[in-house]
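What follows is a single structure, written as structure tokens, with notes after it.
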Amino acid sequence: MMKKIIVYVCACLLLVSCGNFTSENTRSRQLLDSGWKFYRGEANAEQPGFDDSSWRTVDLPHDFSIEDIPGTGSPFSPDAVSGINGGFTEGGIGWYRKNIFVPSSQKDKNFELYFEGAYMNTDVWINGRHLGNHPYGYTPFVYDITDYLAYDQDNVIAVQVKNEGNNSRWYAGSGLYRHVWLTVTNPLHIITHGTYITTPTVTREMAEVVVETSIVNNYPSGNDVVIETVITDDAGNRVASIKADKKINAGNTDVFTQKTEIESPQLWSPDTPYLYNVTTRIYANNHLEDEYKSTFGIRSVSVDAQKGLLLNGVPLKLKGGCVHHDNGPLGAKAYDRAEERKVELMKANGYNAVRASHNPPSTAFLNACDRLGLLVIDEAFDMWEHGKNPQDYHLYYKTNWRKDVEVMLKRDRNHPSLIMWGAGNESDKPFGPAIDMMGRLSIELDGTRPFHRGEAWGGSQHNYNCWWDDAHLNHNLNMTAPFWGEFGIASLPHIETVRRYLDEEKEVWPPQRSGNFTHHTPIFGTMREMEKLVQYSGYFMSKDSLASFILGSQLAQVVGVRHTLERARTLWPHTTGALYYKMNDNYPGVSWSCVDYYGIIKPVH
């Protein structure tokens, strides 16, 4: 029997807004971002009686790695365990607590607590009862808390997040960096990620739409259920309506499959990102039990050996880049507007596609891609059974991979912007059993999109190994099974950006072996790498100042990327496209990005 999980987090004010349900308000989804008590460090704070009065109050999304390290005036430390990979920021342990008041009038409801993402290794308690542990930092997780609530009194939610050791190859952030939600429903309701919408047949004249809805009955007895699904266009006009009925026994979850056709559909594409709305209503005994709203786009996607990627039957070249989940000086905090702005910038600069490297992005990011028209490759992992850092996800992969891949697929499969599932980044065994199982699961739970295992590097074929040597450019162009390529070469941020985070050394030139310059430019953590950077910068600019050094590195990046990309296009004109690695800086320092840490566009862009 499915449990009932969700958490009220505000108090009486929250309950005034969502506590009384009518036939017109059968489902409440409350954002629980405000008013969390937070402490950075060790604590035994899971019990309700713990005194958190001295803790500070924070709102979500929250990233404590971007905050000043306690006792210092900076988030950076040369001794940080994350080192180069994490931009010399620190992780550690963070605790969050929140009280919620639930009136006895809601004893007949189901409550679910939904975390969009927390980095990482997260434990959750309600009233001292341990709900579970979620190791992966990029997938959502949900707990049914119905059976653990106390009514007419405060309930205490406690969350411990542990970002420990060297566990990431980029800036990951720490804490509850995405939204937390409380969903309240009747016992008969659509489950989390329970609506799946596909368009198996798409033409300009007609589109077939299939809606699969998973419904759970947590009432003590069976119910004769009627499901009504209504599809409307963006103006609110009804374009299709379907009804079905079935008996669901107590404690069971059943799937309803409904089919309909839409005449003269508006097709979704990057140029015309048209969205339809779906409203699903669940009735039992002529009573409205649940109402759920979702969106989808009508489009087809396929891959052809001769024509490449086809969107709505038309060949399309991917032109874009790879983007990490952080938002620069905001850290990993996934504010809706920051995620939308990231998509707006890519669209404004000619992108039609983006690779979510190297993990599932936020829901807000995918929603923005749907609305604005940006194609997405949704990537699962950066590691599998074998780690790339001692404390990374490989420690949890064998016991958690299926759960994490499944929730990624179910959460994201209704997004029309999503055109491809990616196994991940840089796998040492792209044809091994781990990626085989991921591919089979993607077909089982979706099957409407390609699954990309990649070549010798897992989720993509890397071609960014171009470098400057003795005043000429060397390429590493050796794709054996080209599909889409990845390109990049490193450069420094703009001089204005460097002077914002490197005040004490802004006029120091050349960089000193004993200085902190390489500490603040973490991609190049050794003097040897810095000397190479100085060398190829000097091919384009004089070596007499820090400003010249920076501009020279950026010009070398421009020439290196342009020549490599043009050569690849000549060698493989049939490849689907190229995604530049990468769009954004994860921290202030040398990187392959085309937009630096403070949002200044580099010449390579």
Side-chain angles (χ1 to χ4, degrees), residues 3-19 28-64 67 92-104 106 109-134 137 140-163 173-185 192 331-336:
K3 283 185 176 179
K4 308 129 193 176
I5 273 183
I6 291 184
V7 175
Y8 264 144
V9 178
C10 285
C12 297
L13 184 61
L14 168 66
L15 296 165
V16 168
S17 65
C18 70
S28 170
R29 191 167 189 253
Q30 293 290 327
L31 188 61
L32 300 184
D33 282 355
S34 64
W36 288 81
K37 288 288 190 176
F38 173 73
Y39 176 74
R40 185 172 181 173
E42 296 276 4
N44 296 313
E46 64 270 20
Q47 295 303 319
F50 181 86
D51 182 9
D52 60 14
S53 59
S54 64
W55 292 13
R56 62 189 179 96
T57 301
V58 300
D59 293 335
L60 309 183
H62 179 245
D63 173 9
F64 61 83
E67 298 177 343
I93 296 176
W95 278 90
Y96 300 82
R97 285 169 57 92
K98 189 175 181 68
N99 294 342
I100 60 171
F101 182 89
V102 183
S104 56
Q106 294 187 336
K109 300 298 180 183
N110 279 208
F111 298 83
E112 184 173 274
L113 183 63
Y114 183 90
F115 294 82
E116 287 195 8
Y119 200 88
M120 57 172 284
N121 209 356
T122 305
D123 288 274
V124 182
W125 293 263
I126 179 74
N127 295 330
R129 179 69 176 261
H130 187 240
L131 300 175
N133 171 266
H134 187 79
F141 51 102
V142 62
Y143 297 113
D144 185 335
I145 59 170
T146 309
D147 294 340
Y148 312 129
L149 292 175
Y151 296 94
D152 292 332
Q153 59 182 286
D154 282 340
N155 294 266
V156 181
I157 306 165
V159 181
Q160 183 194 52
V161 179
K162 300 185 290 293
N163 180 1
S174 301
L176 300 180
Y177 71 98
R178 291 179 182 169
H179 297 307
V180 177
W181 298 88
L182 175 68
T183 305
V184 184
T185 62
T192 300
K333 293 183 281 189
Y335 293 112
D336 289 2

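Scanning for salt bridge (Lys or Arg N to Asp or Glu O under 4.0 Å) contacts around K162 gives D123, with sequence neighbours left out. Residues passing the side chain to side chain donor-acceptor pair (under 3.5 Å) test with H134, sequence neighbours excluded: T139. Partners of D336 according to the side-chain contact (heavy atoms from CB on, under 4.5 Å) rule, which considers only residues two or more places apart in sequence or in another chain, are H179, A364. Residues that satisfy the salt bridge (Lys or Arg N to Asp or Glu O under 4.0 Å) test with D33, not counting sequence neighbours, are absent from this structure. Listed by chain and residue number, D152 satisfy the side chain to side chain donor-acceptor pair (under 3.5 Å) test with S104 (two or more places apart in sequence, or in another chain). Every residue meeting the side chain to side chain donor-acceptor pair (under 3.5 Å) condition with D63, not counting sequence neighbours, appears here in chain and number order: Y171. S54 meets the side chain to side chain donor-acceptor pair (under 3.5 Å) test with no other residue; sequence neighbours excluded. Partners of Y119 under the ring-ring contact (aromatic ring centres under 6.0 Å, His included) rule, at least two apart in sequence or in another chain, are Y138.
Nearest approach of A118 to L176, heavy atoms of both residues: CB-CD2, 3.6 Å. Between Y151 and L149 the shortest heavy-atom distance is CE1-O, 3.9 Å.
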For a quick test of your reading: what N or O donor-acceptor pairs under 3.5 Å do the side chains of residues 39-46 make, sequence neighbours left out?
residue	atom	partner	partner atom	Å
R40	NH1	F64	O	2.8
R40	NH2	E90	O	3.3

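Ring planes of F38 and Y96: tilted class, angle from 30 to 60°.
In this structure, the separation between CZ on R97 and NZ on K37 is 10.5 Å, given to the nearest 0.5 Å.
For the pair Y177 (side chain) and G137 (backbone), a donor-acceptor distance under 3.5 Å is present. Using modelled atom types, no side-chain atom of W55 and backbone atom of D51 make a donor-acceptor pair closer than 3.5 Å.
With hydrogens and angles left out, the side-chain atoms of N121 and N163 include no donor and acceptor closer than 3.5 Å. In summary, the side chains of Q30 and W181 do not present any donor paired with an acceptor at a separation below 3.5 Å, with no hydrogens or angles considered.
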